[in-house]
Amino acid sequence: MSYVIKGQDGPWELVIGLEVHAQVISRSKLFSGSATEFGAEPNSQVSFVDAAFPGMLPVINQECVAQAVRTGLGLDAQINLVSRFDRKNYFYADLPAGYQISQYAHPVVGGGHVEIELSDGSTRRIGVTRLHLEQDAGKSLHDQHPTKSYIDLNRSGIALMEIVSEPDLRTPEEAGAYLRKLRTILRYLGTCDGNMEEGSMRADVNVSVRRHGEPFRTRCEVKNVNSVRFVMQAIEAEAARQVEVWESGGTVEQETRLFDPARGETRSMRSKEDAHDYRYFPDPDLLPLVLDEAWVAGLRAELPELPDAKRARFVAKHGLSAYDAAVLVADQETAAFYETVAAGRDAKLAANWMMGDFFAALNRTGRSIGDSPVSAAALGQLLDLLADRTINGRIAKEVFEAMVETGEAPASIVENRGLRQVTDTGAIDRAVDSVLAANPDKLAEYRGGKDKLFGFFVGQVMKAMAGKGNPALVNDALRQRLSA
Ligand code: ADP
Ligand code: MG
């Protein structure tokens, strides 16, 4: 097949737009006071409003609106001071009202954008069309009984933000980068926990293919994909399917599909419904949502430093590369940890330690930064021992591994294990002498012009000193002796 999935050079180009459903962090639901905690006993967090008892009236939760506005501000988007709630009518067993309250024609947030970073170091700006508030539905449980389905309404009425992207994404990698970046922004803002495994963030993936320079072709929508990896796989599978349809003379029909990760393919679920199928109309139980400009300005003033700004600051203030800075700002805890380690120290060295030995140790021990066996203060102390030359770089790695294992402070590890760097030139000279005496053949080769053996001698001297020699002094001493 001539189709190149990841490149832009093949005859077929991918066009992707994502609709992300992000569950709002809020103690209570969008239109009721029920709790929202994940994992509660089924149907234990359901008010009469959530169960759609007749005559119950929705009351808007201001905190949910604030979260949507914060998110809009974080996406650099337009905040619509007047928006409206509509009823989106459809029948489903876990939707007791027979409609979902959603914002259709007038969303609370308009156009914005997300800046994504790609593996080749380039960045792209992806348009966000809109963000609107809506209710989540309940959950149908089909695996609890041989012939019956159970309904859990705990999720019914929880606030969701639907964040719709422009069809600006062109590769699975870009789609993955967009999702990860969006998730990072939501987490910084504290508006959604971004936990895709628990379903608090899910994506509908719209995919079409076209030949370069053509207008857009018909898209298909792959519903409810619940991990970044699956989104990328679903795009590849769906694009490959569409290319095959077009190339064999067929026509791609607009439809809603499901991704089957086990088989790596998408399957048709239903033909695509249009807006008029839902018979949207303004919800007569709710007034238009009118926001006060000063209230929005107050939310804006309280926004945290966001990932792009933090990354730019890390580059400017700490002299980090854009790549290193992007890795360190990927979550707030890592960024804060880094800033504690770097404060008053060599910031570049601090970044190298975090991205090298420190992340490796977290990986190996299966810990997250929140329960790291080495605190930011302790890692900083280790860098101080390096900076004041108490230990050399090689020993620092050994001390660090001991810190990971024992949780002990670096200074006491150095003292208890006698790991101080040897700067006594007399001791270094003695080690040099014994190494040269023990290797007369190598010495002769070196003198005969085999310069490369210098490294061998350095290694032997360090070994003789149990790794504790000051590398610069060892080099000096050897150079002096060998040129004598
Ligand atoms: P709906 O609500 O019916 O799914 P929208 O107009 O809200 O339709 O668009 C949904 C998503 O589809 C958006 O993310 C948009 O970027 C994307 N999209 C629109 N046209 C195309 C296309 N031709 N190919 C791929 N994605 C598209
Ligand atoms: Mg859609």
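Just so you know, these numbers come straight off a predicted model, no measurement behind them. Computation of the quantities below employed the complete heavy-atom set of this structure, encompassing side-chain atoms and omitting hydrogens, waters and symmetry-equivalent molecules. In each ligand, atom 1 is the first atom listed, and ligand 1 is the first ligand listed.
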Q: With backbone taken as N, CA, C and O and side chain as the heavy atoms from C-beta onward, which portion of Val164 lies under 4.0 Å from ligand 1: side chain, backbone, both, or neither?
A: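 Val164 to ligand 1: side-chain contact only, backbone stays beyond 4.0 Å.
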Q: Would you call Asp357 and Lys397 a salt bridge, using N to O less than 4.0 angstrom?
A: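 Looking at Lys397 together with Asp357, the answer is yes, because their closest N to O distance falls below 4.0 Å.
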Q: Can you tell me if Arg217 has a non-hydrogen atom under 4.0 Å from ligand 1?
A: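 It does; at least one heavy atom falls under 4.0 Å.
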Q: If the plane angle is over 60° it's perpendicular, under 30° parallel, otherwise tilted; pick one for Phe31 and Phe85.
A: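 Answer is perpendicular, since the angle exceeds 60°.
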Q: Compare Asn206, Val20, Asp168 and give the one whose heavy atom is closest to atom 12 (O) of ligand 1.
A: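 Looking at heavy atoms only, Asn206 sits closest to atom 12 (O) of ligand 1.
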Q: Atoms of ligand 1 less than 4.0 Å from Ser165 heavy atoms?
A: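 That gives atoms 13 (C), 14 (O), 15 (C), 16 (O) of ligand 1.
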Q: Which of the numbered atoms in ligand 1 are under 4.0 angstrom from any heavy atom belonging to Glu166?
A: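 By the 4.0 Å cutoff, the relevant atoms are 16 (O).
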Q: Can you check whether Phe216 has an N/O within less than 3.5 Å of an N/O in ligand 1?
A: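 No, no N or O pair falls under 3.5 Å.
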Q: At under 4.0 Å between heavy atoms, is it the side chain or the backbone of Leu18 that contacts ligand 1, or both, or neither?
A: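 Only the backbone of Leu18 comes within reach of ligand 1.
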Q: What is the ring orientation for Tyr90 with Tyr278, classed by angle as parallel under 30°, tilted 30 to 60°, or perpendicular over 60°?
A: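 Rings of Tyr90 and Tyr278: perpendicular, as their planes differ by over 60°.
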Q: Near Arg364 CZ, under 6.0 Å, is it more than 12 heavy atoms from other residues, nucleotides or ligands?
A: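 Atom CZ in Arg364 is packed in, count exceeds 12.
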Q: With sequence neighbours left out, what residues match Ala137 under side chain to side chain contact (heavy atoms under 4.5 Å, CB included)?
A: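 In terms of side chain to side chain contact (heavy atoms under 4.5 Å, CB included), with neighbours along the sequence ignored, Ala137 is linked to Asp94, Leu95.
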Q: Could you tell me which atoms of ligand 1, counted from 1 in the order shown, lie closer than 4.0 angstrom to a heavy atom of Ser208?
A: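 Checking each atom against Ser208, I get 22 (C), 23 (N), 24 (N), 25 (C).
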Q: Hey, what's the ring geometry for Phe314 with Tyr338, parallel, tilted or perpendicular (30° and 60° as the breaks)?
A: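 Taking Tyr338 first and then Phe314, their aromatic rings sit tilted (interplane angle of 30° to 60°).
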Q: As an exercise, identify every atom of ligand 1 less than 4.0 angstrom from a heavy atom of Glu221.
A: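 Listed by number with element: 4 (O).
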Q: State which residues pass salt bridge (Lys or Arg N to Asp or Glu O under 4.0 Å) with Glu214; sequence neighbours excluded, sorted by chain then number.
A: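 Partners of Glu214 by the salt bridge (Lys or Arg N to Asp or Glu O under 4.0 Å) criterion, ordered by chain and then number, come out as Arg217.
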